[in-house]
Amino acid sequence: MRPPLRVAVLISGRGSNLQALIAAQRGGTLPIEIVVVASNRPDAEGLRRAQAAGIATVALDAAGRRDRAAYDAELFARVAAFAPDLIVLAGFMRVLDAAVLAPWAGRIINIHPSLLPRYPGLHTHRRALEAGDTVHGASVHFVTAELDGGPVLACSEIAVETGDDADTLAARLLPREHALLCRCVQWIAEGRVVWNDGRPHVDGAPLTDALRV
Ligand code: GRF
């Protein structure tokens with residue numbers, strides 16, 4: 001039996017993806033230990049969820065911090081002190097400095113509410129609707145210095161329905177995000193997904209196409 005994967009979760013707000021990880025871990029389907037939850041916003045609801053679950057928290061207010069690189073270095077030093085094996089960005093709404101990411105290559109993932117490479121950045125639901133897409137979804141990708149640009153590990157699709165607006169689309173996608181993120185963290189925790197030679201491998205073979213959840 002391998003020891004549970006030590007996971008740090010970075011959030012900026014609601015923390016429903018964090019809550020899904022906590023629930024899966026408690027339910028016995030996710031062999032992880034969430035060692036810390038960190039936020040750039042001290043008022044993030046997700047920090048309260050972490051505290052309620054007895055998880056250590058770091059609240060490092062980014063407001064008024066002009067030196068982005070120095071802020072990122074401080075945040076990552078605080079997180080690294082908990083010795084995570086994996087950092088999960090779950091609604092963490094900041095672009096991270098390349099220098100802090102470099103040592104974590106292959107050990108940091110992000111959940112993004114679009115079918116990457118479509119719609120990196122913000123307002124993904126609105127942009128999918130404006131483009132007339134009939135299929136929308138969410139992706140989990142390894143984080144590189146390029147915004148929402150690292151290798152996509154897996155995605156989950158939903159149909160766009162007549163009458164959808166950005167809010168209905170987001171609401172219907174959210175439970176799929178939760179399942180997708182939990183599944184990806186599970187694969188990493190079980191050692192099925194590993195980072196080798198600068199790219200993800202699944203069950204021993206280089207990942208060519210994003211997996212479907
Ligand atoms: C999710 O839609 C996630 O994909 C995006 O931000 C949202 C965070 O939601 N990056 P929550 O904080 O996990 O509830």
Side-chain angles (χ1 to χ4, degrees), residues 7-27 30 32 34 36-53 55 57-62 72 75 79 86-96 101 108-129 133 135-158 160 164-186 188 210-213:
V7 176
V9 184
L10 270 54
I11 59 158
S12 295
R14 181 177 55 182
S16 71
N17 279 283
L18 163 69
Q19 193 73 60
L21 291 172
I22 293 170
Q25 186 272 327
R26 289 189 167 172
L30 202 49
I32 66 170
I34 302 177
V36 65
V37 172
S39 177
N40 59 311
R41 297 191 47 163
D43 60 348
E45 185 186 345
L47 286 175
R48 291 195 288 278
R49 296 182 194 254
Q51 284 154 3
I55 299 168
T57 57
V58 167
L60 189 60
D61 199 347
D72 289 354
L75 180 67
V79 169
L86 177 73
I87 297 177
V88 175
L89 307 183
F92 183 69
M93 305 303 284
R94 284 176 62 85
V95 178
L96 287 161
L101 290 173
I108 178 166
I109 60 173
N110 178 46
I111 179 144
H112 181 74
S114 80
L115 294 173
L116 290 170
R118 273 182 275 178
Y119 317 126
L122 298 174
H123 309 303
T124 55
H125 312 303
R126 193 175 78 202
R127 288 156 69 196
L129 288 168
D133 291 354
V135 176
H136 186 48
S139 308
V140 167
H141 66 94
F142 287 92
V143 176
T144 62
E146 185 191 345
L147 176 67
D148 300 322
V152 178
L153 172 58
C155 61
S156 190
E157 293 184 358
I158 60 168
V160 177
D164 261 335
D165 59 24
D167 291 340
T168 60
L169 209 46
R172 218 164 57 251
L173 185 59
L174 194 62
R176 302 293 290 271
E177 288 189 35
H178 298 162
L180 172 66
L181 182 61
C182 288
R183 183 53 58 92
C184 288
V185 172
Q186 181 189 346
I188 295 170
L211 305 171
R212 301 295 171 114
V213 172

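Since the structure is predicted, the reported quantities are computational estimates derived from the model, not experimental observations. Every number for a ligand or one of its atoms is a count from 1 in the order of the listing.
One distance of note links CD of Glu45 with OG of Ser16; it measures 8.5 Å at 0.5 Å rounding. A distance of 10.5 Å separates CD1 of Ile32 from CD1 of Ile188, quoted to the nearest 0.5 Å. Rounding to the nearest 0.5 Å gives a distance of 12.5 Å between NE2 of His141 and SG of Cys155.
Applying side chain to side chain donor-acceptor pair (under 3.5 Å) to Tyr119 and the options Asp148, Thr124, Asp133 leaves one that passes, Asp133.
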Polar pairs, ligand 1 vs protein, N/O only, below 3.5 Å.
unit_1	atom_1	unit_2	atom_2	d
ligand 1	2 (O)	Glu177	OE1	3.1
ligand 1	2 (O)	Glu177	OE2	3.0
ligand 1	4 (O)	Glu177	OE1	2.7
ligand 1	9 (O)	Arg14	NH2	3.1
ligand 1	10 (N)	Ile111	O	3.3
ligand 1	12 (O)	Gly15	N	2.8
ligand 1	13 (O)	Ser16	N	3.3
ligand 1	13 (O)	Asn17	N	2.9
ligand 1	13 (O)	Asn17	ND2	2.9
ligand 1	14 (O)	Arg14	NE	2.6
ligand 1	14 (O)	Arg14	NH2	3.2
ligand 1	14 (O)	Ser16	N	2.8
ligand 1	14 (O)	Ser16	OG	2.6

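In this structure, the side chain of Ser39 does not engage the main chain of Ala59 through any donor-acceptor pair within 3.5 Å.
Looking only at atom types and distance, the side chain of His125 has a donor-acceptor partner in the side chain of His136 under 3.5 Å away.
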